[in-house]
Amino acid sequence: MRTLNEVPRRLVIAIGGNAVHPEDISGTSDEQKAVAQHTAEALLPLAELDNELVITHGNGPVVGKIMMRQMLTMSRIPPMSMDICVAHSQGGIGYLLMQAIENVLRAHGNGRHVASLLTQVEVDANDPAFANPTKFVGPFFTEQEAQRISAELNWKMREDSGRGWRHVVPSPKPKHVCDISLVDALVKRGTIVIAGGGGGMPVIRDERGVRTGVPAVIDKDLTSAHIANVLGIEELLILTAVPRVAINFGKPNKRELDQVSLAEIKAYHREGHFPPGSMGPKVDAAIRFLEGGGKRAIISHLNCAMGALNGETGTHIVP
């Protein structure tokens, strides 16, 4: 366990999609504003520190609803491509978080600024993910509902960790965060930067440097790890819906992990302890971050953000 004085000056915080749009809300504007307010209050102790802070966020529930909304109205309104849907979700969520964090800071007499950057992220056009959609987006459905939606919209649907059926889309790995130098410049002047929302808008670049959007949703945790590695930030805090990572989850011999090594977490991952629809992507990101030069990846509950950073809770994965 470490003390407050040991809290890192430079940090990337990755907020899960369900932290900005939980499963138990219908998604009204008032509900989303209330959730953003709760998130801002949970992050306040970190936002008030004299630090360099980058915040990323998921968009799975929101972008899925955007896509379904437009498919249900496509006979009257032409649907947007998936990359534009990601941009819409990134802008909307970023706006709510930016406003909520600044409002909470002002209520505590802190004039720190927050900026939300629309972020393009380059991927490989030949990434095998395009042929094997695995990223869950949107709400949960019963198996019968999923079969009907699949037939009606020609969407691929899969069962998600025993919680129901969801739409799956391609999720290529991030190669390059465009304009990462702008993120770096803003955080160095003390601005809290929200970037890489929803993993970033997925784009490919040709030999002339021309970028084009592609139909995909990049995993935000992998983008977060990439941002931290490129900026040389040594600590990554992944906030989700549980206080710690567990092995044998849902079983009588369930065990929560406190501090584990990179080798240990990789071994647990190979044994199948972390499902792809829930904890798997977060563990993947932690592994990638540490292998890319990171010093500590922490996975914990949104409400325990400061305690996790202080070492009081959370799963701490170290090289």
Side-chain angles (χ1 to χ4, degrees), residues 16-28 31-32 57-90 92-93 121 123 125-174 197-202 213-223 240-242 249-250 269 272-285:
N18 284 326
V20 293
H21 194 294
E23 299 170 14
D24 59 352
I25 68 170
S26 59
T28 67
E31 284 176 322
Q32 292 183 66
H57 61 80
N59 72 339
V62 176
V63 74
K65 287 189 174 182
I66 291 172
M67 292 167 63
M68 175 156 284
R69 186 181 301 125
Q70 66 177 17
M71 293 304 288
L72 295 175
T73 59
M74 63 186 300
S75 61
R76 296 190 174 209
I77 305 171
M80 302 175 292
S81 59
M82 198 182 302
D83 58 309
I84 298 178
C85 292
V86 173
H88 277 230
S89 68
Q90 188 181 122
I93 296 169
V121 174
V123 300
N126 298 313
D127 192 305
F130 287 107
N132 180 33
T134 58
K135 175 69 175 176
F136 292 101
V137 298
F140 291 87
F141 300 96
T142 66
E143 185 172 2
Q144 284 187 328
E145 289 172 331
Q147 290 173 349
R148 177 176 55 79
I149 291 168
S150 180
E152 180 182 349
L153 303 179
N154 196 31
W155 282 359
K156 291 192 175 181
M157 309 290 287
R158 288 184 184 170
E159 198 272 334
D160 182 359
S161 305
R163 298 178 294 175
W165 290 69
R166 297 176 76 188
H167 183 194
V168 288
V169 300
S171 186
K173 289 182 172 56
M201 285 90 76
V214 290
V217 176
I218 304 168
D219 183 82
K220 75 97 178 38
D221 292 312
L222 290 181
T223 296
T240 182
V242 294
F249 186 79
H269 205 1
H273 287 283
F274 313 122
S278 54
M279 193 55 70
K282 296 166 182 57
V283 171
D284 287 335

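- Under the rule for a side-chain contact (heavy atoms from CB on, under 4.5 Å), the partners of Gln144 that lie at least two apart in sequence or sit in another chain are Thr142.
- Here the closest non-hydrogen pair linking Ile218 and Pro172 is CG2-O, 3.6 Å.
- Put simply, the side chain of Glu159 gets close to the backbone of Gly162: a donor and an acceptor are under 3.5 Å apart.
- Using a distance-only test at 3.5 Å, with no hydrogens or angles considered, no donor-acceptor pair links the side chain of Ser89 to the main chain of Asn59.
- Looking at Met80 and His88, their side chains come closer than 4.5 Å, going by heavy atoms from C-beta outward.
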Practice task
Report the C-alpha distance between Thr240 and Lys282 in whole Å, list the side-chain angles of each, state the deciding distance to 0.1 Å, and finish with yes or no for side chain to side chain contact (heavy atoms under 4.5 Å, CB included).
Solution key: CA-CA 9 Å; Thr240 182; Lys282 296 166 182 57; 3.3 Å; yes
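- Within the structure, salt bridge (charged side-chain N to carboxylate O under 4.0 Å, His left out) contacts touching residues 129-141 (residues at least two apart or in different chains) are Lys135-Asp219.
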Handout entry: Audit row: His57, Lys220, side chain to side chain contact (heavy atoms under 4.5 Å, CB included) steps and yes/no
Key = CA-CA 7 Å; His57 61 80; Lys220 75 97 178 38; 5.8 Å; no
Practice task
Just do the side chain to side chain contact (heavy atoms under 4.5 Å, CB included) check on Met82 and Val169 with the steps written out, would you?
Solution key: CA-CA 9 Å; Met82 198 182 302; Val169 300; 4.0 Å; yes
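- With contacts defined as side-chain heavy-atom distances shorter than 4.5 Å, the pair Ile149/Met68 qualifies.
- Here the CD1 atom belonging to Ile77 is positioned 10.5 Å from the CZ atom belonging to Arg69, to the nearest 0.5 angstrom.
- Side chains of Val86 and Val63 form a contact here, defined as non-hydrogen atoms less than 4.5 Å apart.
- Residue Phe130 qualifies as enclosed at atom CZ: its count of foreign heavy atoms under 6.0 Å is above 12.
- Counting all heavy atoms, side chain and backbone alike, Gly197 lies closest to Gln90 at O-NE2, 2.9 Å.
- At least one side-chain heavy atom of Val242 sits less than 4.5 Å from a side-chain heavy atom of Met279.
- In this structure a side-chain-to-backbone donor-acceptor pair under 3.5 Å is present from Thr223 to Gly199.
- Every residue two or more places apart in sequence or in another chain that forms a side-chain contact (heavy atoms from CB on, under 4.5 Å) with His269 is listed here: Phe274, Val283, Asp284, Ile287.
- Taking NE2 from His273 and CZ from Phe249, the interatomic distance works out to 13.5 Å, rounded to the nearest 0.5 Å.
- In this structure, the side-chain contact (heavy atoms from CB on, under 4.5 Å) partners of Ser81, at least two apart in sequence or on a different chain, are Asp83, Ile84.
- Residues in residues 141-165 take part in these ring pair (Phe, Tyr, Trp, His ring centres under 6.0 Å) pairs, two or more places apart or across chains: Trp155-His167.
- Looking at Thr28 and Glu31, their side chains do bring a donor and an acceptor atom within 3.5 Å of each other.
- For Arg166 and Phe140, the positive end sits near the middle of the six-membered ring, less than 6.0 Å away and at most 45° from its axis.
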Exercise for the section: Apply side chain to side chain contact (heavy atoms under 4.5 Å, CB included) to Gln70 and Cys85, showing your working. Expected result: CA-CA 10 Å; Gln70 66 177 17; Cys85 292; 3.4 Å; yes
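- By the salt bridge (charged side-chain N to carboxylate O under 4.0 Å, His left out) test, Arg148 is found to be paired with Glu152, residues two or more places apart in sequence or in another chain being considered.
- Residues Pro133 and Pro170 approach most closely at CB-N, 3.7 Å, considering heavy atoms.
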